[in-house]
Structure formats: C-alpha cells, structure tokens
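Only one structure is covered here, and it is reproduced in the block below.
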Amino acid sequence: MTPNSCSQTAAAAAACLDLTAVSDLIARQHWSRLKALAGTTSAAAAAQLLHLLLDSPHANPPTLRLLFRWSESHFRSPQPLPLHCRLLHSLAAAKLYSDLRFELHSLAKSGRHSAPSILHSLSISGDTRRRGASLSVIADMLVLALVKNSRTESALEAFYRSRDYGCRLSVLSCNPLLSYLIKEGRIENVEKVYKEMIRRRIAPNLITFNTMIHGLCKARKLRRAGDLVEDMKTWGFSPSVVTYNTLIDGYCKSGQAGKMYKADALLREMVLAKIHPNVVTFNTLIDGYCKDGNSSAAARFLEEMKRQELSPNVVTYNSLINGLCGEGKVDEALGLLKEMDDSNVMPNVVTFNGIVNGFCKKGMLAEAKGLLDDMLERNVTPSVITFNTLIDGHCRSGLMEDAIALKRLMSGSGIRPNVSTYNCLISGFCRNGDMSSATKLLDEMEENDVKADLITYNVLISALCREGKMAKAVKLLDEMQDIGLQPSHVTYNTLIDGLCKKGNLRAALNIRARMEKGGKHANVVTYNILIKHFSGRGKMHEANELLNEMLEKGLVPNRVTYDIIKEDMVERGYIPDIDGHLCNDAA
DNA sequence: ATAGGGTTAG
C-alpha cells in the first residue's frame, strides 16, 4: 500500500484523499486550507480524518497530535476516548514520550474519564502486536499524570487496575504516587501500594524507601520506619542523608519520651557512617529542640553548623526565632533578625510572623502592630497568619474593638479573613461573655461562605459549657457530626467537663460512650475530669478505680492528675491504693 | 521522583 492510496474503510474510499498533502497542511497548520481539502468542518469530520491518518502506515504522530489539538480547541469539544487512545498508542510506538506525557496530562486534567475506562479503551486500541509493550509505558505515565493533577483516587485505581492488563509499572510513577498519598495523610493506602509494588516485582529504589520511611514517620509508626531501614539494606541500599533527616524529623515530631535523645543518637550514627549532616539535618534538629522548649540547645546547634561551614538559611533562623519567641525571649529573636541582615539572609513572612507572635504573647501589642510597617519597608507581604496572630493577640488582651479594626485592615489589604480569623474573634467575644457579638460573626461567616470548622465548634461548645447551657452545647455536638465534622478529644472532654460540673454524671458518661463510638478513646484529660468529679464529691473509691483503669490502659498521669491526687485525695486524708506506677512517678 | 520553618481550642 502506498501512502497515497485509499485505505480499506468505506469512509476513506469515499474521501480518497491525498494523505501526504493533508499531512503537509496539518504540519504547517493551514487549517482553513485543510477544511477546503479534507472537509474538516466539524469535530466528527476531524475525527474521521484522524482515523484515516492513523490507519495509514505513514502516519506521522506529531502531525496527528497537531490535528487532534486543533480539533479539540477549534470545535470546543473533546474527541472521543477511543480516538484519544489510538493517538496515545501511536505516540508511544514512535517513542515520543514528551508528547505522550502532554496528552496524558490533558486527559488526566480534564477529568472526563475514569481511570478504568481509560485503561480499558487503551487495551482494545492500537496495533495488536505492539500493544503490550506500549500499554505499560502509557499506563505508567497515566498514573503519573493523574497524580500530578491531584486525582489521587483515580491514580490509585489506575495503579491497581493496570495489573489486570499485564502492565509493568515503574518507580517513576509509583514513587510520586506514594509521595502524594503521604501528603494527603492516607497512610493505609501507602502501605498497600508498597506491598502491591513488591508483589508485582516493581523494584523499589532508594527514593521509594526514603518516601516510605517518611510516610511511616508521619503516621508515627517509628518502629515500622526502622524496620524499613533494615529492609532497604537487604535490597542493597544504604541509608542516605535524606533517610537520616527523615528519621530525625520523625523522632522530633513523635512526642515520645526521650525523643530528642533519639534524634541526637541518629545524628551521631550518621556521622559515624560517614554521612555528612547538611543544612536540613541541622534545621530539623534546631526546630525539634525549639519545639521541645529547649531553644538554648537549638542555639548551640546553630553555632555547630556554622563551625561546620554550613550556611544557616531562612528556615534555620525561622525555627530558632519561633522557638525563642515561644519562650518569651523576643530580644534574642530580634538579635537573630539582625544577624540575618548581617549575613544577607532575607527574612520572609514566616520570620516576621514569629516575632509578631512573640510580641503578642508578651502583650506588647503596639510593637507587634508596628512590625507591619517594618514588613512593608522590607517588601514582605503580611499573610492571613500575620493578621490572625495580631487579631488573636488583641482578643486575648480583651481589645475586641482593635481586633475588629485589624480585621478591617486585613480585608482592606486584600486578605480575606479565613476560619481561623473568625475562630480567634469568636473565641475572644466568648471569653468576654459577649455571645451576641460571637453570633453576629457566625452569621457573617455564613454570608462570606467561610465554613465553620472543628475549632469553631470547640470554641462555641466550651463557651456554652462555661455558661452552663449544656443542652445547647450537646446540640452543637450533634450539629457538627451532621455536617461531617469529626469531633476531637477536646470536643468530648469539654462536654464531659461541663456535664460533670453540673453534676450530671449520667449525661457525661453518655458523651464518653459517644466518644468511644466515634473511635476516640478516653485520654488523660478525660480521666482527669472524671477523677476530679468523684474525688471532689468525696467518692474516693470511684476516683481510685478510675485512676487504676487509666494506668491499666497505659495512660500516663500528668501534672493535673497529680494535683487532683494531692489536693483532693491525699490532703483530705485518703491515700489511693493504686499500684506501684504512681508511687514511682510521684516520688 | 524522597527530607526542614509560621496563627487559632483544652
């Protein structure tokens, strides 16, 4: 068959076009002349021509793509999926991978088709003999395209379904899939995908392992993360600086006892293994120590990194500035801001937010507000968080009018108040017992289409509890569950506390039952509330039983627990007969 | 294609 001969279809016979001339017009994008020659006056006609060109052995894939793109934009209507799939196959066969990526990207972005229908259409399209090999490449790129377009659910479907078509995927799509699932906090899916990768003999690489370790750390499964480090070694990969940084960060954020000691041990271990700590390593440690309330240890790490000739960057300084401000050491934070200037590290909005927060915490509201001018001078644009911090600071000092003025100022600077803004203000009004102003803000939220969140409800519930309006408070619990908001421990504990204070133990236990039903287990705070309720009423036996129950569950008593035991029980002459845990810890 | 920083509730 020669390129100019008509192919076997009836449509082609009718058209009997000079395909070389047609291709030439397409390549030169002479669309009106193409219309005259080939009659492409509709999307359907263009589709027909595309099929014709695809059937011709001399079809040129880039030309096909030009025609396809022109048709979709010119007629403002998408071409049918089977045709798109034929185009994808021809691009894959010609190894035009960047064009293929682009086409899959637009297919994924449009969201018109589900992953299974795309895979199915691909599987029955294209040259039967070469389909298998190119199907794998296309499916692999499809998963990647779906991930990049935040269509994680479809990406997962494509990942699993592609197995039914015998596709061999690669780490190039699986790694980003894992990474996105982690970003979305869907750790169960992460582990499933990983296991499926192994089952399908998609060999994990160093990045797969680092990503998985990150996911497990984020899910606070530190032991499993450690197991994976051993796994990676059996696959022939040595932990890299990223592996260590991830683990160090995992421990810093784990909340477990001695976490900073573990983080420090990992630092020593990596140095011993001749893996050099980098800026991220130090930043992670500095942030970890700051969050642990130990900014002086963090400051020593800043010195250490300088000694190792690693340049602290804006993240380094931000972590330390935030830590210092959190401890009320705003002067030292300002010293660091000066140091940034000296070493040409540009402060950004996060830097200033930290200092604004520091001033607010000390009640130095004029200084905090004054930072807005400094920011302006330095070309740093305040963010919602800057204003929220300022607003919250004013609310906490009872300066509600100034807080409202700041909200106007932020709107005037083109920053829309978000839920947090409203939460700060509502909580401020509630603290002042001004429920009518709080309610007005709730209405305003509705008008501005800002949805109430968990914190909004917690704030309102605790305000109602303080006023003893328990029926209304419980009603809000129902309401939030109705609109699909998961109540938190705080929500339940606030209600339990309110009900206990009213002496309504039965209702309090009812909420506790709802809490368990909602998958949230009683925590230390829950027990403290209940123990306080009993011991405060002289029911020492019940209080004691709750103490034991709490310890049996492995919950660790905190300061509040000890205060209750000391003031309500011991000082009134009752010695809890709970087992050894308490004596050891209390001593 | 993998790792690090900011506000708000009890």
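Hydrogens, waters and symmetry mates are skipped; everything else that's a heavy atom, side chains included, is used. Just so we're on the same page: letters track the sequence lines, and every chain starts at 1.
Taking every side-chain heavy atom of A:Asn523 into account, B:dG10 is the closest of B:dT8, B:dG10, B:dT2. Nearest nucleotide to the side chain of A:Val349, out of B:dT2, B:dG6, B:dT7: B:dG6. Between B:dG6, B:dT2, B:dA9, one nucleotide has an atom nearer to the side chain of A:Ile385 than all others, and that is B:dG6. When distances run from any side-chain atom of A:Cys424 to the nucleotides B:dA3, B:dA9, B:dT8, the shortest one goes to B:dT8. The side chain of A:Asp392 lies closest to B:dT8 when the candidates are B:dT8, B:dA3, B:dG10. Residue A:Asn458 places its side chain closer to B:dA9 than to any other of B:dA9, B:dG10, B:dT2. Of the candidates B:dT7, B:dA9, B:dA1, the closest approach to any side-chain atom of A:Val490 belongs to B:dA9. Ranking B:dG6, B:dA9, B:dA3 by closeness to the A:Asn353 side chain, first place goes to B:dG6. Side-chain proximity of A:Val171 to B:dA1, B:dA3, B:dG10: nearest is B:dA1. Listed nucleotides: B:dG6, B:dT7, B:dA9. Nearest to the side chain of A:Ser488: B:dA9.
For A:Lys361 and B:dG6, the shortest distance from a side-chain N or O to OP1 or OP2 is not below 4.0 Å. In terms of phosphate contacts, A:His214 brings no side-chain nitrogen or oxygen within less than 4.0 Å of OP1 or OP2 of B:dT2.
Across all strands, A:Lys183 comes closer than 4.0 Å to no nucleic acid atom at all (heavy-atom distances). Here A:Val279 lies in heavy-atom contact (under 4.0 Å) with a base. A:Ser383 comes within 4.0 angstrom of a nucleotide base, judged by non-hydrogen atoms across all strands. Within the nucleic acid shown, A:Lys218 has no heavy atom closer than 4.0 Å to any nucleic acid atom. Using a 4.0 Å heavy-atom distance criterion, A:Asp497 is classed as making no nucleic acid contact.
Using bins of under 30°, 30° to 60° and over 60° for the plane-to-plane angle, the ring pair A:Phe209/A:Tyr194 lands in the perpendicular bin.
Within the 4.5 Å cutoff, the side chain of A:Asn528 has heavy atoms near those of the A:Asn558 side chain. A:Thr351 is not listed as a side-chain neighbour of A:Tyr317, based on a closest heavy-atom distance of 4.5 Å or more.
Looking at A:Thr211, its side chain has no donor and acceptor atom pair within 3.5 Å of the base of B:dT2. Evaluation of atom-type donor-acceptor distances gives no pair under 3.5 Å for the side chain of A:Asn423 against the base of B:dA9.
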